[in-house]
Every structure is written in structure tokens, then in C-alpha cells.
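Here's the structure, in C-alpha cells; my notes come after.
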Amino acid sequence: HVQLVESGGGSVQTGGSLRLSCVASTFTYPNYCMGWTRQGSGKEREGVAVADTDGTTHYAESVQGRFTVSLDEAKKTLYLQMDSLKPDDTAMYYCAAQENCFLFPGDDVRTQLGWPYGGQGTQVTVS
């Protein structure tokens with residue numbers, strides 16, 4: 001069973017930056033995928049960014065060019081560097097993971113909504 005712990009959320013002004021981290025407890029398989037979703041107040045959960053151990057990444061159009069996802073396999077940690085933050089980015093950000101996983105060119109960030117492992121979330125507020 002994989003446990004995920006997110007950190008790094010906070011309150012920033014428009015145009016500011018934050019870096020989220022998600023640490024995984026363990027993975028049984030060498031190949032895995034991790035990603036970020038978010039849910040704003042009164043909104044549905046949406047995919048933000050995903051990455052796999054082969055280096056493939058996908059982003060939601062709304063964050064493309066502003067957010068950067070990276071995966072440190074040695075630390076089993078997924079990062080989300082968020083720059084040029086907007087009020088619309090305000091949400092609870094959740095980490096998700098799937099073992100024995102590869103991302104393909106046809107995948108998108110919504111694929112992680114069905115992954116079995118998830119964290120408790122970290123709040124990001126942009127004002």
C-alpha cells in the first residue's frame with residue numbers, strides 16, 4: 001500500500017510562486033506514475049500535471065507554461081513548481097500515484113483521477 005504525503009501549500013499573492021512536494025512511502029515496481037489534481041471550492045476535481053519514471057509529463061492547458069512537474073525517483077518525491085499564480089489556481093491540491101505505470105502520448109492529466117493512491121491534500125490560496 002502506497003502512502004502519499006503532500007506539503008508546500010500556502011497563501012500567496014497573484015503572480016507569486018509556490019513549490020509543492022509529495023513523498024511516497026514505497027513502490028513495489030520500478031515504474032510508476034505520480035500526479036497532481038486540485039479541487040476548488042464548489043468545483044469538480046481536475047487534473048493538473050502528471051509524470052512517470054520514464055520522464056514523460058502532461059499538463060492541463062490552464063497551467064501549461066506556468067507550472068512544472070518533476071519526479072525525483074531516488075527520493076520517491078513528486079514536485080510541482082507553480083509560478084505566475086492566479087486566483088483561479090486557488091484549490092486543495094492532491095497527489096495521486098499508480099504503480100506499474102507508464103504514460104503515453106495520448107494520455108492526459110485526467111488519467112490520474114482513477115489511480116488508486118491519493119494523499120490528504122495541501123491548500124493553495126492565491127489572492
Side-chain angles (χ1 to χ4, degrees):
H1 184 75
V2 178
Q3 294 181 317
L4 304 173
V5 179
E6 304 98 332
S7 62
S11 296
V12 296
Q13 293 187 334
T14 299
S17 298
L18 282 173
R19 188 193 195 204
L20 306 184
S21 300
C22 172
V23 181
S25 57
T26 184
F27 287 106
T28 302
Y29 300 94
N31 293 97
Y32 54 89
C33 302
M34 297 181 74
W36 293 97
T37 64
R38 67 185 181 185
Q39 187 166 19
S41 180
K43 299 180 180 179
E44 292 187 357
R45 188 168 301 194
E46 61 176 350
V48 176
V50 291
D52 70 7
T53 46
D54 277 357
T56 301
T57 59
H58 296 297
Y59 294 90
E61 283 190 22
S62 60
V63 306
Q64 186 81 42
R66 300 188 297 121
F67 291 9
T68 303
V69 67
S70 59
L71 178 56
D72 185 330
E73 292 181 60
K75 297 181 179 180
K76 297 190 291 294
T77 300
L78 183 73
Y79 300 99
L80 185 68
Q81 177 66 41
M82 304 186 295
D83 298 318
S84 302
L85 283 162
K86 306 174 181 179
D88 281 350
D89 296 317
T90 296
M92 184 71 80
Y93 283 70
Y94 299 92
C95 182
Q98 168 74 290
E99 291 193 277
N100 198 23
C101 170
F102 298 88
L103 296 175
F104 297 94
D107 288 336
D108 63 36
V109 293
R110 291 172 295 179
T111 188
Q112 65 185 303
L113 296 176
W115 291 351
Y117 303 114
Q120 295 300 307
T122 185
Q123 178 68 37
V124 172
T125 302
V126 185
S127 59

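Please read these numbers as outputs of a predicted model, since none were measured by experiment. Numbers here simply count residues along the sequence, with the first being 1.
Comment: D108 engages R110 in a salt bridge, judged by a side-chain N to carboxylate O separation of less than 4.0 angstrom.
Classification of the H1-Y117 ring pair by plane angle, with boundaries at 30° and 60°, yields perpendicular.
Looking at R66 and D89, their side chains come closer than 4.5 Å, going by heavy atoms from C-beta outward. Looking only at side-chain heavy atoms (C-beta outward), S7 and T122 stay at 4.5 Å or farther from each other.
When the side chains of ILVMFWY residues are joined at heavy-atom separations under 4.5 Å, either directly or via intervening members, L80 and V12 end up in a single hydrophobic cluster. Grouping the Ile, Leu, Val, Met, Phe, Trp and Tyr side chains by contacts below 4.5 angstrom, directly or via other members, places V63 with L20. Linking Ile, Leu, Val, Met, Phe, Trp and Tyr residues whenever their side-chain heavy atoms come within less than 4.5 Å places V126 and Y59 in a single cluster. In the hydrophobic clustering of ILVMFWY residues, with side-chain heavy atoms under 4.5 Å counting as a link, Y93 and V2 come out together. Taking hydrophobic clusters as Ile, Leu, Val, Met, Phe, Trp and Tyr residues chained together by side-chain heavy-atom distances below 4.5 Å, F27 shares a cluster with V69.
Of the possible donor and acceptor atoms, none in the side chain of T14 sits under 3.5 Å from a partner among the backbone N and O of K86. For E6 (side chain) and C22 (main-chain N/O), no donor-acceptor pair under 3.5 Å exists by modelled atom type.
Here the closest heavy-atom approach between residue G47 and residue A60 is recorded as O-CB, 3.5 Å. Taking both residues in full, the closest heavy atoms of L85 and L18 are given as CD1-N, 3.9 Å, listed atom of the first, atom of the second, then distance. Taking both residues in full, the closest heavy atoms of W115 and C33 are given as CH2-CB, 3.3 Å, listed atom of the first, atom of the second, then distance. Between P116 and A97, the shortest heavy-atom distance links the atoms CD-O, 3.6 Å. Heavy atoms only, all atoms of each residue included: T57 and A51 are closest at CG2-CB, 3.9 Å. Scanning both residues, A91 and G40, for their nearest heavy atoms gives CB-N, 3.7 Å.
How far NE2 of H58 is from CG of D107: 5.0 Å, rounded to the nearest 0.5 Å. Between the CD atom in Q120 and the CD atom in Q3 there is a gap of 10.0 Å [rounded to 0.5 Å]. Taking CZ of F67 as the start and CE of M82 as the end, the distance is 5.5 Å to the nearest 0.5 Å. A distance of 8.0 Å separates NZ in K43 from OG1 in T90, rounded to the nearest 0.5 Å. The structure places CD of Q112 at 10.0 Å from CH2 of W36, a figure rounded to the nearest 0.5 Å. In this structure, the separation between CG on L4 and CG on L78 is 9.5 Å, given to the nearest 0.5 Å.
Within the structure, the side-chain hydrogen bond (donor to acceptor under 3.5 Å, both in side chains) test picks out the following pairs touching residues 45-55 (sequence neighbours left out): N31-T53, R38-E46.
More than 12 heavy atoms of other residues, nucleotides or ligands sit less than 6.0 Å from atom CD of Q39. Atom CD of Q64 is surrounded by more than 12 heavy atoms from other residues, nucleotides or ligands within 6.0 Å.
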